[in-house]
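Notes follow once the structure below has been shown.
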Amino acid sequence: MAAIHEVLLLVGRLNYVWTNTESLLIYIIAHLLNVDKEQAIVVFLTLNTTRARIDLTERLAKLPATPVETRDSVLSIMDRLKQQSKMRNKYNHCIYSFDEQGEISSTQLMRLVEGDKDIRYGKVEQLDARELERLEAAIQEITEISKNLWAFIRSRPNFDERSI
């Protein structure tokens with residue numbers, strides 16, 4: 001079973017890289033809307049969920065006026081970000097079960113699944129070495145997504161380094 005300090009360190013790193021990466025959507029939104037950073041921040045903060053921010057970014061990229069190269073780049077990056085949001089959501093919206101030694105043994109999702117005649121909740125998954133490797137891989141992938149977002153942002157003709 002996983003040591004609590006190891007899990008908390010990984011979940012903390014996951015949240016750190018996620019927050020930094022998600023905030024880069026401000027620059028993508030600014031570019032796609034052709035507005036300044038301040039205006040894009042207002043749009044970003046008005047949308048209070050990650051899902052809404054990604055949806056907006058994808059929808060803006062799909063507009064006919066968006067160049068194909070921009071559309072393809074943004075949609076590709078958003079697809080990768082959506083995939084990693086599953087891991088982020090899991091660890092931000094779960095409860096942990098502990099073994100007799102006080103170590104974390106599993107996660108339980110706090111989500112209802114309704115059938116025709118029943119309700120199920122809380123999918124339980126073991127928090128073993130394999131799962132910790134998946135968590136580490138998610139952290140690395142989000143870091144790579146962040147690098148790709150920065151490369152895209154810096155490649156835009158209207159990007160001003162002073163606006164960071």
- Task: Show your working on side-chain hydrogen bond (donor to acceptor under 3.5 Å, both in side chains) between R51 and S85 and close with a plain yes or no.
- Result: CA-CA 9 Å; R51 184 73 222 168; S85 72; 5.8 Å; no
- Kindly determine whether E22 and T50 satisfy side-chain hydrogen bond (donor to acceptor under 3.5 Å, both in side chains), including the steps that lead there. CA-CA 8 Å; E22 184 178 3; T50 295; 2.9 Å; yes
- Message: Ring-plane angle category for F152 and H31, please: parallel below 30°, perpendicular beyond 60°, tilted otherwise.
- Response: perpendicular
- Item | Carboxylate-amine/guanidinium contact E125 R130, below 4.0 Å | no
- Between K147 and E144, is there a side-chain N and carboxylate O pair less than 4.0 Å apart? yes
Would you say [X]'s side chain and [Y]'s backbone share a donor-acceptor pair under 3.5 angstrom?
X: E103; Y: I4; answer: yes
X: T19; Y: N15; answer: yes
X: T66; Y: L60; answer: yes
X: R13; Y: L8; answer: no

Can you give me the closest heavy-atom contact between [X] and [Y], atom names plus distance?
X: I29; Y: A40; answer: CG2-CB, 4.2 Å
X: E114; Y: I119; answer: CG-CG1, 3.9 Å
X: L75; Y: A61; answer: CD2-CB, 4.2 Å
X: T21; Y: S146; answer: OG1-CB, 3.3 Å

- Message: If you apply the rule side-chain hydrogen bond (donor to acceptor under 3.5 Å, both in side chains), what do you find for R53 with N48, and how did you get there?
- Response: CA-CA 8 Å; R53 292 167 179 156; N48 60 4; over 6 Å; no
- Message: Hydrophobic clustering (ILVMFWY, side-chain heavy atoms < 4.5 Å, transitive) - are V43 and I54 grouped together?
- Response: yes
- Item | Heavy-atom side-chain contact between R134 and M87 under 4.5 Å | yes
- Query: After noting the C-alpha distance and the side-chain angles of E58 and K82, does the key distance pass the salt bridge (charged side-chain N to carboxylate O under 4.0 Å, His left out) rule?
  - Reply: CA-CA 11 Å; E58 288 179 327; K82 284 190 296 192; 2.8 Å; yes
- Note on the structure: Cluster membership besides L9, Ile/Leu/Val/Met/Phe/Trp/Tyr side chains within less than 4.5 angstrom, sorted by chain and number, is none
